[in-house]
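One structure below.
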Amino acid sequence: MRKLVYYIATTLDGFIAGPDGADPTGPNGFWPLPADYIQHIAAHYPETLPGPARTALSVTAEGTHFDTVLEGRRSYQIGLEAGVTDAFPHLRHLVFSRTLTESPDPAVELATDPVQTVSDLKRQNGKDIWLLGGAELAGALYSQIDQLILKVGALSLGTGIPLFSRSADFDPRTWQLTDHIVLDSGAMFLTYDRPADSATTA
């Protein structure tokens, strides 16, 4: 069965964006993007690079991890404001929204029920499913996540948008570290799998 993978960049103190939710890697962003970080993504997760970045970096690799990407309405809005209606034309792209009634792009699918949609996707054939974010969608899908791949930047914010929204259920889970890469720049790629029996013991 396909896995739902929360592949996301996070700070050392667990934030994925600043308090305003704006793109931290944008023109006025604060997120460091060292060369070895970009090179690692291009080499190992090329399908997670947005279309414009793939073009700029001459990346054509299909990738081996994901063929589907899920994102929430607020994350999708960042691309829309930059004039990009489908940042991942090389992937099946679903956006979860209760307010959009018509997709801004014919290749982008709209959905409203995260848990049911993911349940249906997991039963379909294909590669794993990439949960891009943001925090609200990740919180809604907390119980459905099978793997975490955290791109940990060498910075802290103090406050901001957390990995999971505060509306997520309190449901402690243990995770098994299955891979870790530490780059010279200080960035880390940490992979955690959810054990088959993830019950928490006191």
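Residues take their numbers from the sequence shown, with the count starting at 1.
Atoms CG and CD, from Leu57 and Gln39 in turn, are 9.5 Å apart once rounded to the nearest 0.5 Å. Atoms OH and CG, from Tyr142 and Leu4 in turn, are 13.0 Å apart once rounded to the nearest 0.5 Å.
Hydrophobic clustering of Ile, Leu, Val, Met, Phe, Trp and Tyr side chains at less than 4.5 Å, counting indirect connections, keeps Ile16 apart from Leu33. Cluster membership check: Val69 does not share its hydrophobic cluster with Ile129, using side-chain heavy-atom separations under 4.5 Å among Ile, Leu, Val, Met, Phe, Trp and Tyr. Each of Leu132 and Leu141 belongs to its own hydrophobic cluster when Ile, Leu, Val, Met, Phe, Trp and Tyr are linked at side-chain heavy-atom distances under 4.5 angstrom. Under the 4.5 Å side-chain heavy-atom criterion for grouping Ile, Leu, Val, Met, Phe, Trp and Tyr, Leu49 is connected to Leu91 within one hydrophobic cluster. Clustering ILVMFWY residues whenever any of their side-chain heavy atoms sit less than 4.5 angstrom apart, transitively, puts Ile41 in a cluster other than the one holding Val182.
Listed by chain and number, the residues in a side chain to side chain donor-acceptor pair (under 3.5 Å) with Glu109 are Arg92 (sequence neighbours excluded). Legend: residues meeting side-chain contact (heavy atoms from CB on, under 4.5 Å) with His40, ordered by chain and number and at least two apart, are His44, Tyr45, Ile181, Leu183, Phe189. Annotation: side chain to side chain donor-acceptor pair (under 3.5 Å) contacts of Asp86 (sequence neighbours excluded): His93. Every residue two or more places apart in sequence or in another chain was checked for a side-chain contact (heavy atoms from CB on, under 4.5 Å) with Thr64, and none qualifies. For Ser75, the side-chain contact (heavy atoms from CB on, under 4.5 Å) partners are Glu71, not counting sequence neighbours. Residues passing the side chain to side chain donor-acceptor pair (under 3.5 Å) test with Thr99, sequence neighbours excluded: Ser97. Take Glu62 and apply the salt bridge (Lys or Arg N to Asp or Glu O under 4.0 Å) test, not counting sequence neighbours, and it matches Lys127. Residues that satisfy the side chain to side chain donor-acceptor pair (under 3.5 Å) test with Asp120, not counting sequence neighbours, are Gln116, Arg123. Residues that satisfy the side-chain contact (heavy atoms from CB on, under 4.5 Å) test with Pro34, not counting sequence neighbours, are Pro32, Asp36, Tyr37, Ser185.
Residues Thr112 and Pro114 approach most closely at O-CD, 3.3 Å, considering heavy atoms. Shown here for Val118 and Gln144, the closest heavy-atom pair between the two residues is CG1-CB, 4.2 Å. For Leu131 against Tyr6, the heavy-atom pair with the smallest separation is O-CD1, 3.2 Å. Between Val59 and Pro46, the closest heavy-atom pair is CG1-CB, 3.7 Å. What you find for Ala111 and Thr117 is that their closest heavy atoms are CB-OG1, 3.9 Å. The shortest non-hydrogen separation linking Pro52 to Ala87 is CD-O, 4.4 Å.
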message: Would Leu70 and Phe96 count as a side chain to side chain contact (heavy atoms under 4.5 Å, CB included) here? Give the steps.
response: CA-CA 8 Å; Leu70 313 180; Phe96 291 84; 3.9 Å; yes

query: Would Asp193 and Gln176 satisfy side-chain hydrogen bond (donor to acceptor under 3.5 Å, both in side chains), going step by step from the backbone distance to the final call?
result: CA-CA 5 Å; Asp193 287 336; Gln176 180 180 2; over 6 Å; no

task: Give the C-alpha distance, both sets of side-chain angles, the deciding distance and a yes or no for side-chain hydrogen bond (donor to acceptor under 3.5 Å, both in side chains) between Arg2 and Thr68.
output: CA-CA 11 Å; Arg2 304 165 80 186; Thr68 303; 3.0 Å; yes

- request: Test Gln147 against Thr191 for side chain to side chain contact (heavy atoms under 4.5 Å, CB included), laying out the working first.
  value: CA-CA 7 Å; Gln147 185 178 72; Thr191 301; 3.7 Å; yes

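Under the 3.5 Å distance criterion, the side-chain polar atoms of Arg74 are left unmatched by any main-chain donor or acceptor of Ala22. Put simply, the side chain of Lys122 never gets that close to the backbone of Asp128: no donor and acceptor are under 3.5 Å apart.
In the displayed structure, Asp20 atom CG is contacted under 6.0 Å by more than 12 heavy atoms of other residues, nucleotides or ligands.
Within the structure, every pair that satisfies the side chain to side chain donor-acceptor pair (under 3.5 Å) test and touches residues 46-59, not counting sequence neighbours, is listed here: Tyr7-Thr48.
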Ignoring hydrogens and angles, write down the donor-acceptor pairs under 3.5 Å from the side chains of residues 148-169, residues two or more places apart or on other chains.
residue, atom, partner, partner atom, Å
Ser165, OG, Ser167, OG, 2.8

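Judged purely by distance below 3.5 Å, without hydrogens or angles, the side chains of Thr25 and Asp23 pair a donor atom with an acceptor atom.
Separation of the Trp130 and Phe88 ring centroids falls under the 6.0 Å cut-off.
Here Tyr76 sits in one hydrophobic cluster together with Leu80, Val95, Leu100, Val108, Leu110; the rule is ILVMFWY side chains under 4.5 Å apart, joined directly or through other members.
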